[in-house]
Amino acid sequence: MSDEPCRPGLGLTHEHHRSLRVSWRDRELFRYVYRPWDDRLESPRPYLHPMWTLGGRPVSLYRPHDHVWHKGLSVALANAGAHNFWGGPTYLGGYGGYTQLGNNGEQRHEGFTRLDAGDETVGVTEELTWVAQDGRAVFAEQRTLDVAVLPGDEAWRLDLTTSLRNTGNAEIAIGSPETEGRAGAAYSGLFWRGPRSFSGGTVRIPDAEGTDELNGARAPWMAFTGRHDGDGERATLLMADRDGPTPWFVRSEVYAVLCPAAFAAVRRIGPGETLTLRYRVVVADGDLDHKACARLAT
């Protein structure tokens with residue numbers, strides 16, 4: 001056993017020029033992999049994985065065999081004009097459903113302009129370029145991640161903002177499989193894949209509780225509570241759209257996924273224009289009730 005004192009608060013460590021490790025009292029909260037090893041067909045992009053509760057329980061999944069392009073918590077776009085920044089096949093309703101095309105783009109890390117770490121907060125600002133499969137730049141992005149620990153709630157919080165600027169000379173229409181005709185499949189944007197043991201977990205919004213029937217519900221926040229193998233304890237991941245109520249994409253009965261469905265309707269970005277999305281993610285030990293979720297979301 002080491003006699004070295006435990007770090008009193010948050011820590012930020014740069015690892016191998018590929019990832020950032022955020023820890024609390026020397027226990028890892030997450031790794032932010034900003035230079036992934038992924039294959040082109042998985043639309044390489046930064047992601048958070050593994051993710052842990054303050055109590056040391058895992059709350060993310062990486063490359064599940066059913067959807068290998070699911071990577072913990074990440075920002076991805078399924079239908080961005082002709083481009084796929086999600087991974088795998090593209091859904092084009094009028095052309096036979098899901099089809100593997102030569103359109104899988106990637107998000108390239110350009111550099112960090114802010115890396116701040118204190119005992120109570122960690123702040124990161126990153127510059128990225130979204131590059132099409134043919135090498136053309138599509139978006140310039142500035143992404144911020146601000147982390148705080150909430151010991152009284154046995155939780156930690158991530159505020160994530162992404163600002164996407166269209167660097168081309170034509171408008172880009174961003175949608176989802178739902179806007180292409182697949183009802184109930186409005187996944188695109190901030191997306192989380194939970195552990196296998198979270199299948200069958202409980203989903204909450206301000207005025208309801210359930211499972212898959214809450215897919216498509218409109219609310220300012222949505223929370224997913226699952227159970228862990230081994231000790232059977234619960235953990236909750238909460239997401240909130242910081243700009244107001246939004247539709248949600250969620251799955252529980254087969255596997256755990258959660259996504260504020262910002263592109264349930266097509267959103268258009270003109271040349272030189274910027275689209276900004278702001279989210280809050282809270283990871284907590286235990287089963288958060290509606291009252292706790294509402295408080296942490298705001």
Side-chain angles (χ1 to χ4, degrees), residues 10 22 24-25 27-30 48 50-61 72-73 120-121 145-160 184 186-187 189-262 264 278-298:
L10 280 166
V22 176
W24 165 252
R25 296 179 176 173
R27 172 176 282 172
E28 184 173 287
L29 296 183
F30 65 85
L48 276 71
M51 299 168 64
W52 310 87
T53 68
L54 288 189
R57 293 184 171 85
V59 291
S60 63
L61 190 63
L73 179 74
E120 297 181 355
T121 60
L145 300 91
D146 291 285
V147 183
V149 173
L150 313 170
D153 293 296
E154 298 182 273
W156 58 271
R157 182 182 70 216
L158 167 67
D159 285 336
L160 185 151
Y187 57 81
L190 183 66
F191 186 84
W192 167 76
R193 178 71 185 256
R196 293 279 182 188
S197 67
F198 277 31
S199 296
T202 301
V203 180
R204 292 185 178 89
I205 56 176
D207 58 355
E209 178 178 307
T211 56
D212 286 15
E213 71 274 12
L214 293 180
N215 184 49
R218 187 176 184 86
W221 57 262
M222 181 173 276
F224 193 113
T225 298
R227 296 187 70 182
H228 294 282
D229 291 331
D231 58 15
E233 292 293 330
R234 289 175 169 81
T236 300
L237 185 135
L238 164 74
M239 283 189 189
D241 189 325
R242 297 172 65 198
D243 294 312
T246 189
W248 291 86
F249 175 81
V250 65
R251 292 284 187 265
S252 167
E253 294 178 1
V254 177
Y255 42 70
V257 299
L258 184 58
C259 170
R278 305 187 310 143
Y279 299 110
R280 170 163 291 178
V281 180
V282 177
V283 174
D285 285 293
D287 187 352
L288 297 182
D289 60 20
H290 286 85
K291 184 177 180 181
C293 287
R295 177 172 55 80
L296 291 169
T298 56

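As the structure is a computational prediction, the values presented were derived from the model and not from experiment.
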_As an exercise, state the distance from CG of Asp289 to OG1 of Thr202, rounded to the nearest 0.5 Å._
12.5 Å
*May I have the step-by-step check of side-chain contact (heavy atoms from CB on, under 4.5 Å) for Met222 and Val250, ending in yes or no?*
CA-CA 9 Å; Met222 181 173 276; Val250 65; 3.7 Å; yes
*By side chain to side chain donor-acceptor pair (under 3.5 Å), which residues pair with Glu28, not counting sequence neighbours?*
Arg21, Arg31, Trp52
*Backbone N or O of Leu54 within a donor-acceptor pair of the Arg27 side chain at under 3.5 Å?*
yes
*Within 45 degrees of the axis of the six-membered ring of Tyr279 and under 6.0 Å from its centre: does Arg242 put its NZ or CZ there?*
no
*For Arg280, what residues pass the side chain to side chain donor-acceptor pair (under 3.5 Å) criterion, not counting sequence neighbours?*
Asp159
*Specify the closest pair of heavy atoms between Leu288 and Cys293, including all atoms of both residues, with the distance to one decimal.*
CB-SG, 3.7 Å
*asked:* Suppose we screen for salt bridge (Lys or Arg N to Asp or Glu O under 4.0 Å). Which residues come up paired with Arg251, at least two apart in sequence or across chains?
replied: none
*Scan side-chain atoms only and decide if Ser252 and Asp212 contain a donor-acceptor pair under the 3.5 Å cut-off.*
no
*asked:* Just to verify, what does Tyr187 make a ring-ring contact (aromatic ring centres under 6.0 Å, His included) with, not counting sequence neighbours?
replied: Trp86, Phe249
_Residue pair Asp229 / Ser197: nearest heavy atoms and the distance that separates them_ = OD1-CB, 3.4 Å
*Minimum heavy-atom separation for Thr53 to Leu29, with atom names?*
O-CD2, 4.4 Å
_What's the separation between atom CG in Leu258 and atom CG in Leu237, rounded to the nearest 0.5 Å?_
6.5 Å
*Can you check whether Val149 reaches Leu10 side chain to side chain, under 4.5 Å on heavy atoms?*
yes
*Non-hydrogen atoms of Pro151 and Trp24 that approach each other most closely*: CG-CZ2, 4.0 Å
*Non-neighbouring partners of Trp192 that pass ring-ring contact (aromatic ring centres under 6.0 Å, His included), sequence neighbours left out*: Phe224
*Side-chain contact test, heavy atoms from C-beta onward, threshold under 4.5 Å: evaluate it for Met239 versus Leu190 and give yes or no.*
yes
_My understanding is that only residues two or more places apart in sequence, or in another chain, count here; which of them pass salt bridge (Lys or Arg N to Asp or Glu O under 4.0 Å) with Arg204?_
Glu209, Asp287
*Among all residues two or more places apart in sequence or in another chain, which pass the salt bridge (Lys or Arg N to Asp or Glu O under 4.0 Å) test with Asp231?*
Arg57
_Looking at every non-hydrogen atom in both residues, tell me the closest pair between Ala223 and Leu238 and how far apart they are._
CB-CD1, 3.9 Å
*Is a donor on one side and an acceptor on the other found under 3.5 Å between the side chain of Trp248 and the backbone of Thr246?*
yes
*Contact check, side chains of Leu61 and Arg196, non-hydrogen atoms, under 4.5 Å*: yes
_Exercise: identify the closest heavy-atom pair between Ala294 and Trp221_ = CA-NE1, 3.8 Å
_Once side chain to side chain donor-acceptor pair (under 3.5 Å) is applied, do any residues pair with Thr236, and if so which ones, sequence neighbours excluded?_
Thr225
*How would you list, by chain and number, every residue that makes a side chain to side chain contact (heavy atoms under 4.5 Å, CB included) with Arg218, sequence neighbours excluded?*
Pro245, Pro247
*Partners meeting side chain to side chain contact (heavy atoms under 4.5 Å, CB included) with Asp243 (sequence neighbours left out)*: Asp241, Arg278
*Is a donor on one side and an acceptor on the other found under 3.5 Å between the side chain of Ser60 and the backbone of Met51?*
yes
*Short question: side chain of His228, backbone of Arg234 - any donor-acceptor pair under 3.5 Å?*
no
*Would you please name every residue forming a side chain to side chain contact (heavy atoms under 4.5 Å, CB included) with Glu120, sequence neighbours left out?*
none
*Quick one: side chain to side chain donor-acceptor pair (under 3.5 Å) pairs with a partner in residues 145-156, sequence neighbours left out?*
Arg114-Asp146, Asp153-Arg295
*Just wondering, do Leu158 and Leu48 contact through their side chains at under 4.5 Å, heavy atoms?*
yes
